[in-house]
Amino acid sequence: MTLQSVLIANRGEIAVRIIRACRLQGIYAIAVFSTEDQYSLHVKLADECYSLGSGTVQETYLNIPKILEILEKSNADAIHPGYGFLSENADFARRVEENGKVLIGPKSEIIDYLGDKIKAKTIAAQVGLPTVPGSSGYITTLEEAHEIAEQIGYPIIIKAAFGGGGRGMERVNEQSTLESAFEGCQAISEQFFGRKEIFIEKFIENPRHIEIQFIGDNHGNVIHLGDRECSIQRANQKLIEEAPSFLPRDEINQLGIKVCELAKNLGYVNAGTAEFLWKNGKIYFNEVNPRIQVEHPVTEMITGIDLVVEQLRVAAGQPLTYVQKDIRFSGHAIEFRINAEDPHTQNLPQSGKITQVIIPGGSNVRFDTFIYPNYVIPNNFDSLIGKLIVWARTRDQAIIQARTALRELTISGLKTNLELHQAIIETREYKRWTISTEFLNQINIAKILRNYEYMKIAAISQVMELFKLTPTKSVTEIQTRPTRNLWRESARREQVR
Amino acid sequence: MVKKKKVIYHGREFIIELLDNQQIQIDGYVFSPKVVQQAENRFKVTFGKYSFILEKINGKFYLEGEEVDINIRPYIEVENSIINSNLPKNSNVKAPIPGKIFQILVKEQDIVKKGQELLILEAMKMRNRILAPISGKITKIFPKPGDNVFQDQELISIMQNSKE
């Protein structure tokens, strides 16, 4: 079977990324968009597009009945959920399957299975992957909690078995606070995820985040594409990712082989990522993400494989293009998430009109984005506006590539975190690769950014003073100004008439 | 001689001091920028190992390619000099920075004293109190609470008291 057309149930850079892969495969790309997104690049690039109407993400990109209706109406063969939104929603996957369509991702029962953290841990342990010490199953009583905490030692973390998105996790440092944390976590778990099941793990302090990319097909083949390190994070959101990680090559291969075994045991088809925590020479399995990840391009850069194209191939029932021994890793790739956030003001998300964009180029520089000059960034969505990816033969050279590309990349009209990235790559810790997920809390980035801003002000003031220059006052557009809601306006007109 | 200036850089305020030996002090930090004019409208400013390119294109400043929003004013409060000068009969209060009208504290036909709070303008998460530059009667209020306003947009018209 070949796929004729694919509906992309996402927006932003990943929707653009998927459209590009569809084009390469000769597949007709169908986009969906909310009214706020009507001028977005994915809508312009798609072969066909359908409106999700206006409203919150629940009413648009998370609106399962509406997206299924468009899937039916557009007569698409398959649906690509991208990342975020409906990508890990087993119920959505099941309903796509029931409609006789292909979901580009693992089967619904696998998404379900992996969503249960204890089941995922158990199957990982079966293939010999080390897991974080903790309860072997769910716990229901405080007595059990005390018993396990004594065994593994504090600090511990109590987790909701069906939790996610950073919710339903409680860190406990000592016995005296166990009871309140235990009850609090149970309550949150029931409130947000509708299930009371919780479990306990040893809390791993400032670990490094390592993950293995894998992909399987319908013919029993699963290969891994090496690892990535995503330790530079802010509030559990990844900011800089790179491939490969600092682990020795043979250790990465050993992990990769075990992850492939896990995927085979599950009957996992399509792309996935197994996440690990690394601390003091020990690595612990954390979870499997059953979808394409934001940071997949760094793997593409070191392997030369187009992961989204492979996703489309295996979704069509074709075998993988590669077997494990074809996979060669070369060089080092780094990805920087460019967010519309002001690092000077607690990373407040920004929205507004992009007045100018200069995209860096040169060999081995890639910029995945959906912005263009005069595009107005809506304020309804997350703040990721682009991903800058660089590749070089070694990590040190990749940092030089990054420095050059970050300096060239120019986005005017709203504030971005570009300077934050520039500051991070100049720190000793980043250069020496002694980072952890606590990096941004340990380094005084705010001070570096402030000094940089002072220099900029001093530079401009000095030129203005010495050369008696002043800029003509420009009437800058208000950044929070909402975009006109044409749909709502016309709906209103209709009602008036 | 030290010259103190108020700099509004991308909506945030800084006080800078231009020192004698071409040094600049900001918040207690002293910088010694070296400026080289590389072309008519292109300047390279160096601080040790850091350097910045400043360009002026069509009247606008660009630092490292990014458009600069800067406004440098004398540090002495502008308001006082306006009050002491010969004032026009009618005075329009303008938005000093772009922002959102958070609250309007007066209504049309109100009699206000100079220095009285007229409205609160929210910009960059900071609330700026806009004061009456003169005593007089409010003749017109242009924006509503919640409106976004541009820099220099007229906010309130005040007719000066005839007795002043």
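Each chain gets a letter, A, B and so on, in the order its sequence line appears, and its residues count up from 1.
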Closest approach of [X] and [Y], non-hydrogen atoms and distance?
X         : Y         : answer
Lys415(A) : His10(B)  : NZ-O, 3.6 Å
Ile24(B)  : Ala458(A) : CD1-O, 3.4 Å
Gly65(B)  : Thr410(A) : O-CG2, 3.4 Å

(request) Check the angle between the aromatic planes of Tyr50(B) and Tyr452(A) and answer parallel, tilted or perpendicular using the 30° and 60° thresholds. (result) perpendicular
(message) Glu64(B) and side chain to side chain contact (heavy atoms under 4.5 Å, CB included): which single residue from Arg407(A), Lys456(A), Glu408(A) fits?
(response) Arg407(A)
(message) Report which part of Leu466(A) has an atom under 4.5 Å of a heavy atom belonging to chain B: side chain, backbone, both, or neither.
(response) side chain
(request) Check whether Ile411(A) gets within reach of chain B through its side chain, its backbone, both or neither, counting any heavy atom under 4.5 Å. (result) backbone
How long is the span from the [atom1] atom in [X] to the [atom2] atom in [Y], to the nearest 0.5 Å?
X         : Y         : atom1 : atom2 : answer
Ile26(B)  : Asn451(A) : CD1   : CG    : 10.0 Å
Ile457(A) : Phe14(B)  : CD1   : CZ    : 4.0 Å
Phe43(B)  : Leu469(A) : CZ    : CG    : 5.0 Å
Ser461(A) : Leu18(B)  : OG    : CG    : 7.0 Å

(message) Pairing donors with acceptors under 3.5 angstrom, does anything connect the side chains of Tyr454(A) and Asp27(B)?
(response) yes
(request) For atom NZ of Lys113(B), decide whether the heavy atoms of other residues, nucleotides or ligands shown that lie under 6.0 angstrom number more than 12. (result) no
(request) For Lys468(A), look at atom NZ and say whether over 12 heavy atoms of other residues, nucleotides or ligands are found less than 6.0 Å away. (result) yes
Taking side chain as everything from C-beta outward and backbone as N, CA, C, O, which of these in [X] sits under 4.5 Å from a heavy atom of chain A? Side chain, backbone, both or neither.
X         : result
Asn41(B)  : neither
Phe61(B)  : both
Leu54(B)  : side chain
Ser32(B)  : neither
Gln153(B) : neither
Lys5(B)   : side chain

With a 3.5 Å distance limit and no angle check, can you tell me whether [X] reaches the backbone of [Y] through a side-chain donor-acceptor pair?
X         : Y         : result
Glu66(B)  : Gln356(A) : no
Gln462(A) : Gln22(B)  : yes
Lys56(B)  : Thr470(A) : yes

(message) Measuring only between side-chain heavy atoms, which start at C-beta, is Pro471(A) closer than 4.5 Å to Val68(B)?
(response) no
(request) List the steps and the verdict of side chain to side chain contact (heavy atoms under 4.5 Å, CB included) for Met455(A) and Tyr29(B). (result) CA-CA 10 Å; Met455(A) 276 196 280; Tyr29(B) 293 86; over 6 Å; no
(request) Determine the option with the most heavy-atom pairs under 4.5 angstrom with chain B, choosing from Ile358(A), Thr355(A), Ile460(A). (result) Ile460(A)
